[in-house]
Structure formats: C-alpha cells, structure tokens
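Below you'll find the structure, written out as structure tokens, and then a few comments.
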Amino acid sequence: MSAVMIAKKITRKWEKLPGKNTFCCDGRVMMARQKGVFYLTLFLIVGTCSLFFAFECPYLAVHLSPAIPVFAIILFLFVIAMLLRTSFSDPGVLPRALPEEAAFIEMEIEAANGNVPAGQRPPPRIRNVQINNQIVKLKYCYTCKIFRPPRASHCSICDNCVDRFDHHCPWVGNCVGKRNYRYFYMFTLSLSLLTIYIFAFDIVHVVLRSVDSGFVNTLKETPGTVLEVVVCFFTLWSVVGLTGFHTYLISLNQTTNEDIKGSWSGKNRVQNPYSHKNILKNCCEVLCGPPYPSVLDRRGMIPEDSPALAPTDTPAASTAVNKSVNLVTQTTKTTAPLIPNEHTPDDAKPSIAALPEKSHSPKEEKPPSPGTPPKSPDPTPPKSPDPTPSKSPDTPSKSPDTPSKSPTDVKFPDGSKEMSQKL
Amino acid sequence: MATEFHNLQELRHSASLANKVFIQRDYTEGTICRFQTKFPSELESRIERSLFEDTVKTLNNYYAEAEKIGGQSYLEGCLACTTAYLIFLCMETRYEKVLKKISRYIQEQNEKIYAPRGLLITDPIDRGMRVIEISIYEDRGSSGSSSGSSSTTSSSGR
C-alpha cells in the first residue's frame, strides 16, 4: 500500500546516441572507445615535463635565467590544453538520419534509379555535385542512412560520419574532423616546440654541468635527463614530421583522408575544389575560420514519451515513427527498403524485414576499382618503434572507402547484421 | 480546401502529421551551409512559392553570415588561440549568436506563415544541419483529403 515514488530520471541525448563513443561528465566530454593510447600520450607528456621541472629547471633557473622554467610551464600548459580540447570535443559528428529522413532519401534513390530488374545489382548510391567546376561524388552511408556531405567520411572505429574527416588519431583518443582540427594542429605544433625546447635545454644543462663535474658524474646526478633525452629524441622526429605534414596539408586545404586516397592528386585534371589557390587564405580558413558548433546536442533532454532516438519496442511509439513506417510500407512496394541494422528502431524492423530484401553492400560501399591506396600509415618516414615517446604519425582511420584489410569488414554484399559487427 | 490553423498550439493538438518534406543542402558553392531553394512539389498546394523561397534565402544568408571568413573571424580565432581557446568557455562565438538569430527567425516564420497553413519548419541544427524538415499537417477532421503527392494519408496517425 505504500505509494512508491519513482524519481523521474532525466535521460540526456548522449545516452541514446548510436556510435561507439564514450561520454563523460554527463555528455560534456566525448571520446572514442579505446583510450589506452591517449593515457599513454598524457603520461609521456606529463612525465617528461615533470622530470624536466625536477632536474633541469632548478639548475637552469639559477645558472641561466628564471625565464626558462616559466616559458616551459606556459608551453606545457598550452600543450595539455590543446590535447584535452582535441580529445574531448566533438570532431564534427553528423547525426544519423531519423527514420522519416531515411525513408525520404530511399524514395528519392528509388525514383532516380528507376526499375532494376530482379537479380541485378542496383547501381551504387552516388550523387554528383559540381563544386567549383569539379564533379564531386557524394557517397551514401548505409550506417547513417545519409548521403555524406563533401569531405565527410565514416570512421569505422567510432562508427560515425564525421564532417571534414581528417583521420582517427589513437594518440588523442578521438577522430580529427572539422571541429577539432585546429586544436589538433596547435597540439602537434606546440608539442614540437616543447620537445625541441626540452631537448635543447637538456643538452645545455648536461654541457654546463659537465664543465663543472664531468660528464659521467652529471649523468649520475641527474638521471632524469637521460630519460628525457631519449624520449625527446624519438618524439622529435615523429611529431615534428607530423606537424610539417599537416602544415603542408593546411596550405593546400586538404585532409589526411583526401591525401591518402589521392583525391586531388592531379591526375585526370582533378584539382582540389576547396582550395583558394593561395597558401595564406587556405591557412586562414582552416586555422582562423569560425569555430563550428556541435550538431549533436549531447546534453539535450529526451522527453519521456518520445523514443525517437532509442531503439525500443514500447507500444507507445510516436505516431511519427509509425507514420513513416506506414509510408515506407505503402510507397516502396517492391524495392530496396531501409536496411535494418542494430540501430533500426525495433518497431520499424518487422515491417521493414517484411519487404523483399535486396543485397546491398551493407554499410559502406566498396569502391569499384581496387586501385585505391591501402590504408597505410605514415606520411612521414616511419620512425622507431615503441619507446617512441609519443607520436609516430597517426594512422588514418580505416575509412571504409578504401579496400580495408580488416577481417571484420564485410567484403561482399551480405545480410546487414554481420556488417554491424565491428572491431 | 486547405485547412486553416490559427496557431502552433492548435496545430499540434488538432492536426495529425501527414508527411514530411526535406530540403537538402546545396553544395555547389562548397561545404558552406546552404540549402536548395527548389520548391518541392508536395508544398505546391500549401504555400506560395515566393514565401518559401524567401524563407530559405534568408536562412542561407544567415548561415553565410555565420560562416563568413573575414576580419572578425580572424580576430576571434587569433585572440582565442592566445588564450588556448579557453575564452570559448565563457564567450559566445559569432556562429552561436547567429544560430540563435536563426532559431528566433524560424520560430517567427512558423508562427506567422507556416502554422496557419498547416506546416512546420524544424530548425536545421536539430537535423545535423543536413536538411530543413518541413512537416505537413492535416486536420484530423478531414481524413480523406490528401495533401502530399506521395502520402497516402492512412487516415491520420492515430
């Protein structure tokens, strides 16, 4: 007989977002699922700088100038701020299409394709757009059910379409895209400066001390220096190289993804339609352009009666969802229905599954020509393996547009379920 | 013929959703945010072409203003960089200010022009800046009349 009062739990939108991100601080922080390498990055930076402040700074402040540690602290704080900003922000994720929008796009595709004879594979879902006298192909994303905007790409690690996708960086534990590219660049730039700074003053410190006490004694007195020099030496090559590479990309207004795929390599007279043909303008646009807002609305609240975002089989599904399913059932009688996958709302699944299935390439289409470059890592010369203190150049994400060698990617058109199995 | 609604409240309570039209992005000028001004056929009987085009053009102008790369955006960018972008935690960027203006504009357009005609515009930011979603409503009373060409109004969504 006791009236049990159930506290009304506020559900925020981030809790229901599809994709493989992890969220912290009630949706304020957004990262990829695998964060191990990010912690390593943080550890290396903080660790090396702590050693520098402990071993070198007292000596240098006294013998050379107190400005040295002060500047080091400022640079260190800037590096950490940029790292956290890159890692914690939304890279420019495009939200998936809601059912009505997905159905609308399907109808448009059907209308454009006309009737495909049974047994024949339907044409690939591509829209052509002319940008600055270049034909750019917009590809359809089977996971997000949208035609990707130009320069967007689907990150298979985070399972999201990201606008102006550059690459997925495990070192920062996040994708690098439109919204956080400038922070990523400032991070690599400032880290390069910090590394050079620490390395230089380590050498200075060892030299100065050796004059007084001899080389071997110096190393015994300040063992941290040895560690720092080793870390900085390896970091230097990789991070400075990476910074140089991204400076080159920025001056051409290209992304790592486009560079690796050779989208604007110049063959067949294909040129980059986004470039202003002026290095300064390109740099200004990428680094000093307006900071774009996140379109994800992580902290918005989901009203209790609307299951729009969540796959659920509550009978009280919103009328909108039912309506759209009815529309799909009635209007697309014979042809490609929405491909159900793990993200299809449960109440839409039965009616969709009832429609004749076509064998589409489940998630992302494979390019028709196998000639695309493999997802090879480094634009900079490959550096020494593990003791690398932080950054060997980032591996671009397994963008599904390249023939991926991952066993989890489905190579052939298949039932949609398998394709949803990810890493 | 076209059912008259008086305001947004009435629209939501006494009307049922018949169809949705999605105005797609126009990428001919690059990746800046711009929407196509092509008039969709589903709206032909619901609203005048000029009103619709005005709305979309005004929205396009707002977005162009937000994304304009010029003196002010450089200043904002450089200033923010010197503060390690911490200033964005307390300051509203120009883009965010324009987004608020857009939101107010859409609200006003809905109240004055679209709701009386049984239509409702959804702010593009709620759809990932990919589409302008226009919902077409039917009065629950008139179940037989269909407005959209592709919707077989399965007599009201229940």
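Numbers restart at 1 for each chain; the letters A, B, ... are given by sequence-line order, proteins then strands.
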Would you say [X] and [Y] make side-chain contact, with heavy atoms under 4.5 Å?
X: B:E29; Y: B:R34; answer: yes
X: A:C155; Y: A:N160; answer: no
X: A:L194; Y: A:C49; answer: yes

Heavy-atom proximity to chain A below 4.5 Å, by part of [X]:
X: B:T93; value: side chain
X: B:F22; value: both
X: B:Q24; value: side chain
X: B:L75; value: neither
X: B:I125; value: both
X: B:A80; value: neither

query = Cationic tip of A:R164 within the cone over A:Y181's six-membered ring, i.e. under 6.0 Å and within 45° of the normal?
reply =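 Positive - A:R164 is close enough to the ring of A:Y181 and near enough to its axis.
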
In plain terms, say whether [X] and [Y] are close enough for a salt bridge, that is, a side-chain N and a carboxylate O under 4.0 Å apart.
X: A:R127; Y: A:E108; answer: yes
X: A:R125; Y: A:E106; answer: yes
X: A:E101; Y: A:K145; answer: no
X: B:K112; Y: B:E108; answer: yes

Under 4.5 Å from any heavy atom of chain B - which part of [X]:
X: A:P273; result: neither
X: A:L138; result: side chain
X: A:D297; result: neither
X: A:I146; result: side chain
X: A:Q130; result: backbone
X: A:F147; result: neither

ask   = Do you see a donor-acceptor pair shorter than 3.5 Å between the side chains of A:W264 and A:Q271?
value =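 No, A:Q271 and A:W264 have no side-chain donor paired with an acceptor closer than 3.5 Å.
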
query = Side chains of B:E76 and B:Q72: is there a donor and an acceptor less than 3.5 Å apart?
reply =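 The criterion, which ignores hydrogens and geometry beyond distance, is not satisfied for B:Q72 and B:E76.
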
Within 6.0 Å of [atom1] in [X], more than 12 heavy atoms from elsewhere:
X: B:Y74; atom1: OH; result: yes
X: A:I279; atom1: CD1; result: no
X: A:K277; atom1: NZ; result: yes

query = Any residues in residues 78-85 of chain A near chain B, with a heavy-atom distance under 4.5 Å, and which are they?
reply =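 Within residues 78-85 of chain A, the residues under 4.5 Å from chain B are A:F78, A:A81, A:M82, A:R85.
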
task = For each of A:S190, A:P149, A:G289, A:G300, tally heavy-atom pairs with chain B at distances under 4.5 Å, and name the one with the top tally.
result =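 If we count pairs closer than 4.5 Å to chain B, A:P149 comes out on top.
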
query = Who wins among A:P150, A:P290, A:S294, A:A97 for the most heavy-atom pairs under 4.5 Å with chain B?
reply =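 The candidate making the most pairs under 4.5 Å is A:P150.
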
